[in-house]
Amino acid sequence: MTARNRRLLRRGAPALGVLLLALVPLTGDIYYQNMLIMTFVLAVLASGWNTMAGYTGYVSLGHSAFIGIGAYTAGVASAHWGVSPFLVAPLGGVAAALVALLLSVVTRRTRGPAFVIVTFALLELLGLTVRNWTSVTGGSKGLLMPLPTWGVDIQDWPFYYTLLGLLVLAVALAAGIARTKLGIGLVAIRDDEDKAAGIGISTPAYKSLAFMASAVLVGVAGAVYGYYVSFLDPGAMFDIVLSVEAVLAALMGGRGTVWGPVLGAFILEPLSEVTNSHLGGSDAGALRLVFFGGLLLAVTLLLPRGILPQAAEWLRRRRTRGATSPVGRRLADAELPATPVMRPRAQTEDTALLRLTGVSRRFGGLVAVDDCGFEVTRGSITALIGPNGSGKTTVFNLVDGTYPVTAGRIDFDGRRIDQLGPTRRTFAGIGRTYQLPRLFPSLTVLQNVAAACGEFRPGNLLRSAVSGAEAARATELLEFVGLGDYLTARATDLSYGQRKLVELAQVLMLEPQLILLDEPCAGINPTLIRRMAALIQALNRAGQTFLIVEHDMNFVLSLSDPVVVLSRGTVIAHGAPDDISADEQVREAYLGADFALDAATAGGTA
Amino acid sequence: MTLLLQTLIFGCLIGGVYALMSSGFTLIFGVMDVINLAQGCLLITGAYLSWWMWQRTGLDPLLLGVLSSAALYGIGWLLYKGVVARVQRVDPGLTLVATFAVAVAGEGVIALVFGTSDRSATPSYFNTSFHLGSLSVPKAQLYACIGALVVLGGLYALLRGTFLGRAIRACASSRGGAELVGIDVERAMAQMFALGAATTGFGGAALSVLYQFLPDSQDIWIGRVLCVVVLGGLGSLPGALAGAVVLGLGEALTSTYWDVRWTTAVPYMLILAILLLRPQGLFGITLRREGARA
């Protein structure tokens with residue numbers, strides 16, 4: 001299949017599907033009409049669930065609560081004002097989004113399990129509230145919706161077409177989010193939330209937006225659904241089984257994909273109709289539980305990735321059979337491309353870009369950093385060396401905000417930063433790489449770089465990450481580090497050294513004032529070390545400031561000035577490389593008495 | 001004053017029982033990082049087993065909890081081997097979905113086996129009390145609380161004093177490290193999970209005497225369990241005891257001084273409040289976070 005045909009299929013198939021679905025009611029068959037109405041509701045719900053659980057990795061087990069919120073909001077509003085529930089259905093969406101916002105505030109300081117617990121609590125609590133708040137909701141007796149105002153001859157068309165429209169919107173929303181910086185930021189959060197916070201992804205804001213996006217259309221659909229069933233009762237509107245079905249649909253079709261939840265709903269709902277018509281009698285409810293629970297269990301055990309990702313994997317394997325991967329191709333020792341231009345920042349008078357004063361960090365009884373103080377001068381390449389366990393990486397973690405300081409202060413660019421969170425420090429102009437590169441495994445190389453945000457601008461979140469200015473900038477930076485051929489490769493398919501270069505490009509995307517490099521040369525080959533040194537020097541000539549932790553002494557001493565030596569968490573020496581390598585105390589603590597700078601391998605580019 | 005004291009007594013007695021019911025959940029999370037949403041379903045299973053044996057034999061339902069525990073140990077072991085261990089190998093993020101699926105299907109199976117009408121065990125001391133002046137201490141609550149504390153104490157001693165306990169704690173702090181020093185991690189995990197399930201045997205027995213229950217009561221009970229462990233800090237056994245007492249008191253005070261209909265909402269409101277104000281739980285301590293990798 002050519003690329004053009006594929007594109008045609010990608011655009012044409014959904015349009016054809018919508019057209020066919022739009023024709024179904026004209027047949028007048030009420031059975032299929034009703035089945036499809038239920039399918040649309042489930043698909044909207046599953047698609048919403050997927051935005052939070054699939055993209056962002058936060059599983060919700062109470063997502064059907066938003067159906068109930070939408071239904072009751074519209075039901076109560078329509079009774080109060082005496083208008084059609086269709087008219088107030090958007091209010092259901094607004095209410096759902098507001099509740100989602102509220103919940104994300106509640107969970108903003110928590111990770112993982114707290115979220116699933118909160119969503120479950122929400123579902124149960126709302127069910128109880130609706131049951132007990134009889135004066136407004138009618139309690140367990142329920143709330144009767146107004147009768148449809150249209151004639152019987154057009155059957156349930158208004159419900160059908162509204163819900164079909166909502167489904168189209170839901171898919172468009174999911175597809176749109178996936179293309180934006182917001183969308184890849186969400187996937188980054190799923191892969192490694194701490195790292196995401198370190199490259200300027202404001203995780204609480206991203207998660208709130210994702211949760212609201214995952215709720216809003218479900219709320220509107222709930223309002224229409226409530227009108228359709230004509231009677232709201234707490235048991236059916238805040239039903240955990242509906243949540244189970246949504247999770248099941250999304251998992252079966254493929255979590256984190258745009259079409260997976262929809263496909264899942266279109267498989268599950270007819271299946272559920274068929275089993276319903278065959279399960280009768282007093283045990284029907286119990287058998288339904290066994291059926292859905294068992295099916296969910298079977299999917300998690302046997303098809304955990306879902307149908308679409310599994311099929312895509314199979315197709316990809318067929319298509320790339322025999323093709324060689326770009327990994328392992330020799331990195332050319334070529335000329336560097338032009339150094340990317342960084343956005344100028346307003347500078348303060350202070351010559352020290354970073355200053356640590358009396359900084360300490362204790363872990364229980366262990367003093368990892370003890371009254372440590374040094375400066376990084378603007379425009380310098382400052383090295384931080386010292387024996388293993390001397391506290392170098394801890395200093396990095398204190399500077400970038402991974403840990404809070406126990407005592408002392410850190411100033412950056414003329415302002416105190418030790419009280420700021422990691423993302424705020426990134427926005428202030430600090431970028432950092434890790435000893436073991438931490439890239440997002442689900443994203444491509446290009447997306448890994450494009451995910452980074454140097455500042456928080458709400459408008460920026462909606463910009464495309466796969467085309468336009470953001471992608472162009474990321475491409476430029478990747479070409480600069482020499483990985484222009486690898487844009488669409490998965491980050492995990494790259495070699496260790498290449499991943500270090502991607503991480504450097506990722507940090508450059510932030511346009512930071514100061515770059516912290518944690519052992520840029522550890523575990524990579526000499527060619528790559530020379531390239532790394534050349535990149536650092538080129539950037540430095542353009543004005544970039546660096547603070548480097550490195551054990552390769554030749555690399556460090558040939559590249560940097562000044563050098564700060566750390567031992568047992570304290571600065572024991574500080575000065576030009578020649579003075580440091582001659583310093584008795586440093587030789588004793590770290591370098592060894594027989595240390596001599598080997599000029600032949602010293603960085604190679606000096 | 002008497003009313004307040006009476007309420008506090010009720011709250012503390014029921015708190016002891018809640019603590020036992022939640023201990024299995026918190027242990028499983030603490031050691032394996034698994035949110036076992038089937039715990040509520042296991043608890044109801046324990047209640048049905050004790051109730052059923054009590055009906056058959058007429059023996060004391062609380063003592064029959066020992067037999068239910070043995071049965072649930074077996075169920076827990078199967079659940080670990082058949083579901084949890086498998087899903088963990090494929091995608092650890094899905095374990096909570098899988099245990100949730102087990103809970104849903106389990107509720108259906110219970111309903112098929114035992115029907116869907118209200119049950120409760122009513123031994124001779126049911127609805128009778130000891131009297132201390134104007135205060136009354138219901139016998140069933142007292143026996144259940146004492147039994148729960150004995151089982152909890154035994155569990156604590158097991159974790160602190162035996163080889164299995166040390167192995168489990170080693171796995172909790174580092175799975176890889178435990179493997180390196182020669183612990184059969186897979187086996188320790190299976191035993192741990194089974195043990196966590198077995199605690200619901202006695203917990204279920206207490207439930208069968210103190211409450212009416214249905215298959216879908218598992219929703220309420222998993223809610224209470226979640227509340228207790230969130231209050232106490234996920235993974236902490238002493239925290240679970242404290243959280244359980246807070247929940248017991250909260251429910252007792254709500255039904256006495258506000259409205260009994262809102263009692264079932266107390267666990268959920270506490271969950272939201274604690275996550276907003278103190279997400280690490282009442283007694284949770286923030287350790288060096290795993291996220292801060294080198």
Side-chain angles (χ1 to χ4, degrees), chain A residues 57 59 61 103 105-114 116-118 120-122 124-125 128-129 131-132 190 192-195 197 240-241 244 247-248 251 282-283 285-301 304-305 363-364 393 397 402-403 434-436 438 518, chain B residues 29 33 35 37 82-83 86-87 90-91 93-113 115-116 215-216 219-220 222-223 226-227 229-230 234 259 261-262 264-265 267-273 275-280 287-294:
Chain A
V59 172
L61 291 182
L103 280 198
V105 170
V106 170
T107 51
R108 77 195 184 287
R109 290 195 287 157
T110 61
R111 292 277 170 88
V116 69
I117 293 174
V118 157
F120 179 77
L122 173 79
E124 298 287 326
L125 189 58
L128 271 166
T129 308
R131 230 172 242 126
N132 289 345
R190 182 183 74 197
D192 186 343
E193 189 160 348
D194 287 308
K195 162 82 187 190
I240 192 126
V241 177
V244 178
V247 176
L248 185 49
L251 279 185
S282 57
D283 287 338
L287 288 171
R288 255 177 93 78
L289 290 175
V290 174
F291 175 72
F292 283 117
L295 196 57
L296 182 56
L297 190 61
V299 169
T300 47
L301 285 173
R305 296 173 59 199
F363 296 105
T393 296
N397 285 335
T402 307
Y403 304 143
Y434 293 83
Q435 193 176 331
L436 304 168
R438 285 166 70 175
D518 198 347
Chain B
F29 179 80
D33 249 348
I35 296 281
L37 291 173
V83 176
R86 279 163 198 260
V87 178
V90 182
D91 184 349
L94 283 181
T95 47
L96 71 92
V97 175
T99 57
F100 181 60
V102 169
V104 172
E107 181 185 326
V109 171
I110 293 174
L112 290 178
V113 175
T116 50
D216 73 358
D219 279 357
I220 299 170
I222 190 69
L226 291 172
C227 171
V229 296
V230 168
L234 280 163
D259 184 344
R261 287 187 312 161
W262 285 99
T264 33
Y268 308 114
M269 291 199 259
L270 281 174
I271 287 175
L272 296 183
L275 287 177
L276 182 64
L277 303 172
R278 206 179 145 74
Q280 69 273 44
L287 293 170
R288 185 171 169 168
R289 285 250 303 281
E290 197 261 329
R293 272 171 282 170

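Every chain is numbered from 1 and lettered A, B, ... according to where its sequence line falls, protein lines coming before strand lines.
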### Ring centers of B/F100, A/F120 separated by less than 6.0 Å
no
### Query
So, A/D283 side chain and A/A286 main chain: donor-acceptor pair closer than 3.5 Å or not?
no
### Message
Between B/I220, B/L272, B/V87, who has the most heavy-atom pairs with chain A when the cutoff is under 4.5 Å?
### Response
B/L272
### Query
Between B/G108, B/C227, B/A103, which shows the greatest number of heavy-atom pairs under 4.5 Å with chain A?
B/G108
### Query
Taking B/V109, B/I271, B/V90, B/L112 one by one, which has the highest count of heavy-atom pairs under 4.5 Å against chain A?
B/L112
### Message
With a 4.5 angstrom heavy-atom cut-off, is it the side chain or the backbone of A/L103 that approaches chain B, or both, or neither?
### Response
side chain
### Query
Out of A/N132, A/V241, A/V299, which one racks up the most heavy-atom pairs below 4.5 Å with chain B?
A/N132
### Query
At a heavy-atom separation under 4.5 Å, does B/I35 approach chain A through its side chain, its backbone, both, or neither?
side chain
### Pairwise distance CG(A/N397) to CG(A/D194) - rounded to 0.5 angstrom
10.0 Å
### Message
Please classify the contact of B/D219 with chain A as side chain, backbone, both or neither, using a heavy-atom distance under 4.5 Å.
### Response
both
### Query
Which distance, rounded to the nearest 0.5 Å, do you find between the OH of B/Y268 and the CG of A/L128?
7.0 Å
#### Entry: Interface moiety of B/L37 toward chain A, non-hydrogen atoms closer than 4.5 Å
side chain
### Message
Heavy-atom cut-off 4.5 Å, strictly under: side chain, backbone, both or neither for A/V116 against chain B?
### Response
side chain
### Query
With a cut-off of under 6.0 Å to the ring centre and 45° to the axis, is A/R288 in cation-pi contact with A/F291?
no
### Task
Find out whether A/L251 and A/R305 are in side-chain contact, i.e. whether some heavy atom of one side chain is under 4.5 Å from a heavy atom of the other.
no
### Query
Out of B/D259, B/V230, B/L96, which one racks up the most heavy-atom pairs below 4.5 Å with chain A?
B/L96
### Task
Over all heavy atoms of both residues, which pair between B/P267 and B/G223 is shortest? Give the atoms and the distance, please.
CB-O, 4.0 Å
